[in-house]
Amino acid sequence: MRTAMLLGLPVLACASPPVSPPDAAIADAAAGRDQIPPDAAGPGVQSFERPCGSFRLRITVLDDAVVRFHYLHRSEEQPERGWFLDLSGFSGPSALAIDDTPARLHLTTAALAVEVAGPACAVTIQDRQSNVLWDDGGAFTADQASGAVQISRALRPGERLYGLGEKTGASDRRGRRLTLWSSDPVWTDPRGRYAPDTDPLYQSHPFLLSLDGGRATGSFLFNTFRSFFDLGATASDRLSLGAEGGDLDHFFFFGPAPVDVIERYTRVTGRLPLPPLWTLGYHQSRWSYAPASRLEDVANQFRQRGLPCDGLWLDIDYMRGFRSFTWDPTGFPDPAALVARLEAAGFKLTAIIDPGIKRDPGAGYAVYDDGVSGHHFARAADGTPFVGTVWPGDALFPDFTRAATRGFWGAHVAGLADIGVRGLWIDMNEPTSWTPTGIPLDVRFDGDGLAATHAEVHNAYALLMARATYEGALARWPDRRPFVLTRAGFAGIQRWAAVWTGDVESTWEHLALVPAMLAGLGVSGVPFVGSDVGGFSGGPSRELFGRWFELGAFSPFFRTHVATGTPAQEPWAFGAEVEALAQRALALRYRLLPYLYTAFEEAARLGTPILRPLWLAHPSDDGAAGHDDEFFFGPALLFAPVLTPQVTTRPVYLPPGVFYDFYGGAAVVGPTTIQASAPLGRSPLYVRAGSVVPMQDPLHYVGEMPLATLYLDVFPGPPGTAGASALYEDDGATLGYQRGLFARTPIALTTDPAGVTIDLGPRAGAFVPPPRAIELRIHGLAESPTGATVDGAAADLSYDPGTRTARLRLADGAAARRLVVRYDAATLPAARTVQVSLQVALPPATPPGPIYVATSARAWDPAGLALTRSPDGTRASGQLAVPEGALVLYKYTRGTWPTVEVDGGSCGELPNRQLEAVWGESGSLARSDTATAWRDRCP
Ligand code: MIG
């Protein structure tokens, strides 16, 4: 009999003894086992069972805020699959009050009150302030004939519903009914395409996050059968979820903050291990760079043009006839030598492998031969290997539910790793077979002795394939971080692979889907995500590629990829303007790597997404809901990508707080919506005041050279505000960080009226970063500071009024240090006015009389600004005052639209001239133009 004290309450009666926790030895042995018993939770976890008529309900209190509700409706309890869960991170509630009577079971933890009442075992969950979080009224049902199970609960009026991984459409999924059945839309959507409303897609994440009045809860349906979430579609006030087979096994999580729900959910399904640092750089791919010389040409172009790039990718044409783990001997005669040449230039190679193994008897294809003799393939109902159709024609599907098969697969992966292939790209693993009805549901899998059918395995197939692939690479290089990219996946895929959003189309409509898709994956525990930059099918316009590239630079995974038979999609294929845009975006991405890597470490430790929707960071701000077209990238940066054509500004919602315009430096006080300048190549970017952003100088690839300086870009808030930031570092390549070889430097900022105090360190962990200097760049200073100290001793700093930044250099070190910079912190920098000197050379024979500028800055009045003609009449000049950071469009006129300047050759209307009002030298900017003809005086 268990008893407990809770918040001083007397211990309540406990009528039936709880089921005893599992043998701790099982949990201890779990590491390295092929099957981790899902119930192998730590000590202190308590389970209770209630009879509920035709079923039993097992309630397991994993900790104060995590409770599992497992409905046991079958006559015999089914063995649990250990492919996914690891509950060893739970050690039970800090305290538990139990009131167990025949009428009801009442459990109270420090965070929750759970009641299971009545003959149908109705579940009600409240927080300790009596807010109802779950109320199902006993709605569990199991259909004995079909095996389908479901439960439903009341939806509350203001409740918003997020998660479910990779879904298109609004990130608040309320009002929709969504399905989880991993699918390649090109084959499964009746329209034969990846439409903006296609459902389901490749990934299956039965995890829902509800946000209501600032309180977040989560629900994970631990079930791999085809499942559904009806989020108020059938009845607007009812949420139902269920599956076509298996058990209704529901994990409930309380926050109250959404990030806490994600932290708890990823304690169940796992978190990403830190990826190799180079994978955070830029990747260039296409279907296909083949033969090898074509890939090497791309590599050379990157280096010749000075465009940063780390990853190059091989799609299916490097193989011999689409046989996984082979190389086309003609196109790729010497893969090891190819890898060596690429590596010498700083490129790492990733190669695709597909699960469908060519049926190739008697041909010496070892993967097929050994696969058959080792019983490694899934079987049709009659017991013979199931044969589907994919790229190689007739193909067999490895049974990744079986440990021996994962080992077999892993050994082949090790062969690729041996050649020097650094990344494995796993595709078609929904799994997709082009047979008209896909893979029959009765295809059999071994399940490590617990036989399963395709109906149960389908959604988990890619996860198990990712695991086998990851483990194979790790087995070959036990101290090298593997890198796997997968298309399909299930809850927990982040433990083994990064995810991309598949075959998005090269359209503005698809570009606009991407931010919410990436956010949905992040909220569902998958932080390392990206989309094919430029889109996969089609061929983007210059502008679409440029905008997609800008978004790619602020996606956790940043790769350009495109289908076969499409035009070139390298950054230089779209002309000089887009190449320059790519150069700037890449430079910024590489400068931000220390910051981004720190965000990855937070994701690895806590599950926090890297790309964070506004509501996640500001759950109590109702205004933050619905802005799917902007997001935080890590804790400090707010990025607002342009997702529509032909715009040069866009609205940006800034949540409560102070935000600095990353480019102009002006402070903006939220909550507010501003119309931000957003010319092609410069989508709006803001920094949250109170943050410190660690940065470095740009590189052409990770590890190109030692970095002389680490920058800490400091963005102080107004007086009385504080902020906590961090810098995380390690070797970026090995698993040493898991053994303590990391360096984490906390950075605290506090601002008072007399300036800012920056507390740096002490550094935790045993990793010693390579020698470098530290340069602090304190932004947002309207005037030069009056002084600075480091640990009380006066320190030198310099101040640049143009960027309103003070710089201060420090020697590196692990010890704690306190820096104080004194200035009048009450004055936040406002946007300034830039004086633009315009000068225009006029066409010969321009009639005498004034010359004007028609400009967006003056409501397009054709005589908006009068210029002064030079004495000889050949030129005109004048001053235009423009707010800092703005983009100004303009044309020259002689005072009316019929006299506007036109193209001297064609006599057609000119595109608008543009200028960006960057501060420049003391707030002035000079621009010289040449006008070639007037509309009323064409040559
Ligand atoms: O049936 O390997 O999503 O990225 O280029 C298409 C060829 C197979 C689909 C992947 C795509 C890849 C392509 N693959």
Side-chain angles (χ1 to χ4, degrees), residues 166 168 182-189 192-195 198 200-203 283-290 294-295 298 311-328 331-332 349-358 388-393 395 397 421 423-435 438-439 461-462 465-466 469 484-489 493 497-506 510 513-514 517 521 529-540 548 552 555 557-570:
E166 179 189 58
T168 56
S182 292
S183 302
D184 176 353
V186 175
W187 291 98
T188 57
D189 189 292
R193 61 179 281 243
Y194 190 146
T198 293
L201 287 168
Y202 314 94
Q203 295 272 324
H283 303 262
Q284 181 71 38
S285 180
R286 88 163 283 123
W287 176 14
S288 294
Y289 291 128
R294 191 165 168 207
L295 185 69
V298 171
L312 292 177
W313 292 58
L314 289 178
D315 206 329
I316 45 177
D317 299 297
Y318 81 92
M319 299 180 210
R320 183 169 60 84
F322 306 122
R323 289 170 185 81
S324 287
F325 305 111
T326 65
W327 296 79
D328 164 25
F332 294 84
L349 189 65
T350 297
I352 200 166
I353 39 178
D354 284 357
I357 298 300
K358 185 177 179 63
T389 311
V390 215
W391 285 103
F397 292 84
V421 171
L424 289 311
W425 173 19
I426 57 177
D427 186 24
M428 309 300 283
N429 52 359
E430 293 69 33
T432 291
S433 171
W434 298 336
T435 29
I439 300 176
Y461 189 83
M465 181 190 186
T469 307
V484 180
L485 180 74
T486 186
R487 191 168 74 175
I493 187 65
V499 168
W500 97 104
T501 57
D503 299 347
V504 290
E505 295 176 355
S506 302
H510 272 248
L513 297 175
V514 170
M517 288 182 81
L521 281 161
V529 289
S531 65
D532 284 349
V533 168
F536 175 75
S537 31
W548 212 313
S555 299
F557 177 62
F558 182 14
R559 182 187 73 153
T560 295
H561 178 60
V562 63
T564 188
T566 53
Q569 201 155 298
E570 293 79 35

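All values below were derived from every heavy atom in this structure, side-chain atoms included, with hydrogens, water molecules and symmetry-related copies excluded. We count ligands from 1, going down the list as the structure has it; atoms in each ligand are counted the same way. Treat the numbers as computed from the prediction; the structure is a model and nothing was measured.
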Q) Any luck finding a side-chain donor-acceptor pair between S506 and W548 under 3.5 Å? A) no

Q: May I ask you to check whether H283 and W500 place their ring centres under 6.0 Å from each other?
A: no

Could you give the N/O to N/O pairs under 3.5 Å linking ligand 1 and the protein, each with its distance?
unit_1	atom_1	unit_2	atom_2	d
ligand 1	1 (O)	W391	NE1	3.1
ligand 1	2 (O)	D315	OD1	2.5
ligand 1	3 (O)	R487	NH1	3.0
ligand 1	3 (O)	D503	OD1	2.5
ligand 1	4 (O)	H561	NE2	3.0
ligand 1	5 (O)	D315	OD2	2.4
ligand 1	5 (O)	H561	NE2	2.8
ligand 1	14 (N)	D427	OD2	2.7

Q: Would you please name every residue forming a side-chain hydrogen bond (donor to acceptor under 3.5 Å, both in side chains) with W287, sequence neighbours left out?
A: D317

Q. What is the distance from atom OG1 of T564 to atom CD1 of I316, rounded to the nearest 0.5 Å?
A. 8.0 Å

Q: Output, in order, the C-alpha distance, side-chain angles, deciding distance and verdict of side-chain contact (heavy atoms from CB on, under 4.5 Å) for T566 and S537.
A: CA-CA 8 Å; T566 53; S537 31; over 6 Å; no

Q. Which value, rounded to the nearest 0.5 Å, describes the distance between R286 atom CZ and F536 atom CZ?
A. 9.5 Å

